[in-house]
Amino acid sequence: MKDVTMNKIKISANNVQVYYGDNHAIKDVDVQIEDKTVTAFIGPSGCGKSTFLRCLNRMNDTIDICRVTGDIAIDGEDIYDRRVDPVQLRAKVGMVFQKPNPFPKSIYDNVAYGPRIHGLSRSKAELDEIVEKSLRRAAIWNEVKDRLSAPGTGLSGGQQQRLCIARAIATAPEVLLMDEPCSALDPIATAQVEELIDELRQSFAVVIVTHSMQQAARVSQNTAFFHLGSLVEYGDTDTIFTSPSDPRTESYITGRIG
Amino acid sequence: MSDPVTSSLLSVDARTRKRNAAEKRFRFYGLSAIGAGLAMLVLLLVTIFGNGLGAFQQTFITLNVPLLEGKLDKSGERDLEKIKKVSTFGYAPLMVQAMEDALAANGIETELKGKKQAALLSKSAAADLRDFVINDPSMIGKTVAFTFLANSRVDGYLKERVTRESIADDKSIDAEQLDLVDALVVAGVIEKRFNLAFITGADASDARPEAAGMGVAMMGSFFMMLVVLALALPIGVAASIYLEEFAPKNWITDIIEVNISNLAAVPSIVFGILGLAVFINYMHLPQSAPLVGGFVLTLMTLPTIIISTRASLKAVPPSIRDAALGVGASKMQSVFHHVLPLAAPGILTGTIIGLAQALGETAPLLLIGMIGYIASNAPDSVASGLLDPNSAMPAQIYEWAKRADPAFYERAWGGIIILLAFLVTMNTIAVLLRRRFERRW
């Protein structure tokens with residue numbers, strides 16, 4: 001496990017178990033996620049990395065049969081505490097999904113929706129400012145500034161995904177979760193999004209689930225390798241890819257399992 | 001394995017030939033099924049319009065009626081109460097007089113007595129004239145050109161439903177009277193015109209098919225649909241949203257789900273019995289009232305609306321819900337801001353189709369007394385529209401179809417045309433709404 005940390009711990013998960021009905025999907029995961037760092041979750045399909053990611057903003061609550069035990073704390077506050085409202089939590093922990101899913105509304109409304117429902121702006125001018133800032137940070141402002149009232153669904157796949165990122169950061173979250181954000185994108189769009197992730201690291205703790213080990217190597221500072229519901233190895237990305245300590249990690253990154 | 005020399009792409013082997021033949025046969029079956037369906041539709045429409053269009057035309061007799069003061073207002077005071085005391089018997093001689101005047105003016109000679117001449121007019125003619133006078137007593141003393149409805153036999157004769165052969169056993173009309181009709185048609189006194197009263201008027205008794213109209217039953221249907229829309233749409237949509245988006249998936253919701261599907265298949269007469277037992281016998285709501293009819297049809301329409309609403313909610317991609325929840329929308333915000341607007345076209349379509357189904361429903365109305373009731377006046381307020389006894393369009397059609405006089409038969413077909421016009425309009429609105437609001441993602 002990684003013990004030399006430069007940044008403060010943003011998310012601390014201890015002894016996390018997730019059950020889907022009788023299926024024990026996540027087994028005893030402990031992980032400390034640093035602030036202002038990109039943390040990649042890698043592992044073969046069905047290893048539980050997405051499931052664990054969705055625990056971090058309690059998106060699993062929407063699945064009836066899903067049960068989570070253990071502690072997950074953000075800034076020391078247990079997010080599964082009775083007093084925590086998942087809605088408030090999700091404003092603080094933004095999420096970008098595998099498939100770009102803009103609302104079938106205008107580009108402007110897509111970004112403005114979050115700030116609106118959370119009352120983050122007092123005037124139209126303020127809202128305009130938030131929208132512009134978010135689109136700029138998502139590196140899509142120049143492409144859409146002339147057609148903010150056009151439907152978000154009319155954009156290309158890569159643009160849609162960056163719009164979704166703009167939407168996620170518009171609510172001023174502290175953590176950004178990304179569930180395979182580039183799996184539906186072409187290489188050029190992927191490169192743009194990866195560049196963007198690197199930018200976003202300045203302000204957020206970014207957690208990204210990815211199938212692509214190259215991507216994990218390119219964008220992340222820390223990497224966690226999941227296998228069959230367990231966290232096998234977690235540490236500095238360079239260390240994981242160059243000298244993994246667990247034989248399973250080595251098999252995976254050299255292409256023998258997965 | 002086939003021999004590489006014989007397996008040329010240019011020659012078709014037996015297996016492929018068989019497969020192609022099967023495909024051709026299947027296409028033919030499909031085409032003939034559609035052809036048969038279309039033929040039936042054409043047959044249906046031809047029959048309906050062939051039989052029913054006549055109901056929109058009616059034979060009228062225009063006479064100059066002398067409204068004699070001596071007969072209608074002996075005191076000369078134009079006192080409405082006194083004028084009202086003159087019954088239709090007081091008006092009958094005036095019409096006989098008017099008929100004789102018309103014959104004299106056109107130089108038509110007949111051996112028929114005055115009373116038999118006046119029998120060409122509808123049995124409601126005297127009442128119509130009396131209503132006219134009571135409405136405007138200042139007309140007394142003048143001679144008025146009044147357009148009377150012709151008797152249904154005369155109407156039938158002009159529409160070739162009644163012939164000289166068919167009246168052999170008919171006591172209400174004879175050959176001399178038909179001669180007179182022929183002469184009056186030539187003179188332009190009797191003519192066939194578009195009959196607005198069929199669309200706007202009330203039903204009439206067995207003896208006066210010529211006066212029967214659909215209008216009041218239409219109002220009954222309208223108020224029932226109002227009740228159905230006001231109840232079924234909010235209840236149905238609320239139930240669907242709860243079941244689809246909020247309810248936990250357990251055996252209770254499973255049972256509810258199965259029961260809703262089953263309710264959609266329950267024969268509508270069962271809802272009629274339920275309505276009779278609950279709304280009329282237990283809650284003592286008025287019989288034959290469109291309010292009760294609306295309640296019963298609401299029960300019948302709810303499953304349809306719930307099923308179609310749930311289907312449209314299900315059709316909204318889950319990624320939209322994730323997206324909304326992901327930016328911190330509450331469950332309710334995600335449903336009302338995103339899912340419901342996307343499902344709205346489907347919900348509207350389902351609702352309109354449910355309404356159209358309810359509009360054409362007859363069986364449950366049988367049990368709550370909306371069939372066979374003849375409302376003679378259109379409701380004058382929303383309350384009377386909901387609570388006063390009335391009929392409904394399909395009930396009215398059924399009522400006409402079972403009466404003996406063939407003149408009513410024609411009106412039943414005519415009523416079907418009106419009902420179909422409503423249904424086609426509603427379904428067109430459903431299609432247009434879907435086109436207009438459908439969004440793609």
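Keep in mind it's a predicted model, so treat the numbers as computed, not measured.
- For the atom pair CG of A/Asp109 and NE2 of B/His337, the computed distance is 11.5 Å after rounding to the nearest 0.5 Å.
- When all heavy atoms of A/His118 and B/Val327 are compared, the pair lying nearest together is NE2-O, 2.9 Å.
- For residues 160-179 of chain A, a heavy-atom distance under 4.5 Å to chain B picks out A/Arg167, A/Thr171, given by residue number.
- Taking every heavy atom of both residues into account, A/Asn101 and B/Ser319 meet most closely at ND2-O, 2.9 Å.
- With values rounded to the nearest 0.5 angstrom, B/Lys249 atom NZ is found 6.5 Å from A/Asp64 atom CG.
- Within the 4.5 angstrom heavy-atom criterion, only side-chain atoms of A/Arg54, from C-beta onward, approach chain B.
- The aromatic rings of B/His338 and A/Tyr113 sit perpendicular to each other, their planes meeting at more than 60°, with 30° as the lower class boundary.
- Shown here is A/Glu195, whose CD atom has no more than 12 heavy atoms of other residues, nucleotides or ligands within 6.0 Å.
- Along residues 74-99 of chain A, the residues that come nearer than 4.5 angstrom to chain B, judged on non-hydrogen atoms, are A/Val87, A/Arg90, A/Ala91, A/Val93, A/Gly94, A/Met95, A/Phe97 in order of number.
- Residue-environment remark: CZ (B/Phe26) stays at or below the threshold of 12 foreign heavy atoms within 6.0 Å.
- Using a 4.5 Å cut-off on side-chain heavy atoms (C-beta onward), B/Ile320 and A/Pro104 make contact.
- Under a cut-off of 6.0 angstrom, the local environment of NZ in A/Lys133 is sparse, with at most 12 non-hydrogen atoms contributed by other residues, nucleotides or ligands.
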